[in-house]
Amino acid sequence: MSAVPARPRRADHGFTLVEILVAIVLVGILSAVVVVGVGNLTSTGTSAGCTASKDAAAAGATTFWGSTGSQPTTFTQMTSATPPALSLPAGATVDVSGLLLTGSGWTLTMIPGLAGAAPTFLCSTDAPAGFTVGPNGHLYRYVAGTMTQPAAAAAAATYSAAGRFGHLATITSLAEQTFVFSLVGPSNSAWLDGSDATVEGVWRWTAGPEAGTQFSSGHVSVASSYVNWAGGQPDNSGGEHCLHLYRAWPNLWNDVPCTWGGNQGYVVEISI
Ligand SMILES: [Ca+2]
Ligand SMILES: [Ca+2]
């Protein structure tokens, strides 16, 4: 007696061949026709082009899942599948992380699903006002002001996108540091997330995906973490337990009292 072939997993979820074929789609079917306000992704390019690509990517993810039984975690997985679950037109590129798809005047960020859930996608044109997409696909905004670190942390958490809340920026790479400094500029101080309030000298991120991770022991990097301290910092001069970018030392980190409201705002990061 011959064995009965195992039923494909996709059949358990009701996929049909027609659905899978229909979902093999072309990203970027609408081209950008206007660029407004270069440098502000919330008003750059055409939202229609990005929205069409977003719909295409979502359909591509469905196709990928239908043919493999697992959700894609990068655009690259979809474009390199056999057959491809997603095709890109000339000029559209995926970055090395596989999570940023850039077309003419727009960027589409892929947000992998948690615990095997389907990914979601965010158009740069959907970013909250004032936010721009950083080198890791996260959204960032510098907010000017004069406030303590706890007030800044609370304010950062009022922003959200794609179902994720904002937090004070956690800087884990030179690329992220360079990007964040480009938002803050050399004339401003700005709160970041890090703190050694619990144990002096043990610097940890307290929010975002890195919450609880120690990145520095005094001035010294821990586990190859990115650090960017100014010379002689942190110095805990008068009980300094919060991390900021200090305009006296542009583009470098300093520790200050968390209650120091000396003319500084904050950088909010939405880790999507
Ligand atoms: Ca970060
Ligand atoms: Ca200091």
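As the structure lists them, so they are numbered: ligands from 1, and atoms in each ligand from 1. Numbering of residues begins at 1 and proceeds along the displayed sequence.
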- Please find out if the Ca ion (ligand 2) and some N, O or S atom of S237 are separated by less than 3.0 Å. no

- N, O or S of Q233 under 3.0 Å from the Ca ion (ligand 2): yes

- Relative to the Ca ion (ligand 2), which of the N, O or S atoms in E240 is the closest? OE1

- Considering only N, O or S atoms, which atom of D235 is nearest to the Ca ion (ligand 2)? OD1

Treat each ILVMFWY residue as a node, draw an edge where side-chain heavy atoms are under 4.5 Å apart, and state whether [X] and [Y] are in one component.
X    : Y    : result
F131 : L192 : no
V227 : V202 : no
Y246 : V267 : no
L174 : Y140 : yes

- Taking everything shown except F181 itself, do over 12 heavy atoms lie less than 6.0 Å from its CZ? yes

- Note on the structure: Given the options W203, Y226, W229, S216 meets side chain to side chain donor-acceptor pair (under 3.5 Å) only with W229

- Looking at NE2 of H167 and CD of E210, how far apart are the two atoms once the value is rounded to the nearest 0.5 Å? 6.5 Å

- Calculate the angle formed at the Ca ion (ligand 2) by O in D255 and OD1 in N254; 10° precision is enough. 80°

- Can you list, by chain and residue number, the protein N, O or S atoms under 3.0 Å from the Ca ion (ligand 1)? T170 O, T170 OG1, E176 OE2, E269 OE1, E269 OE2

- Name of the residue among L100, V94, T109 meeting side-chain contact (heavy atoms from CB on, under 4.5 Å) with F75: V94

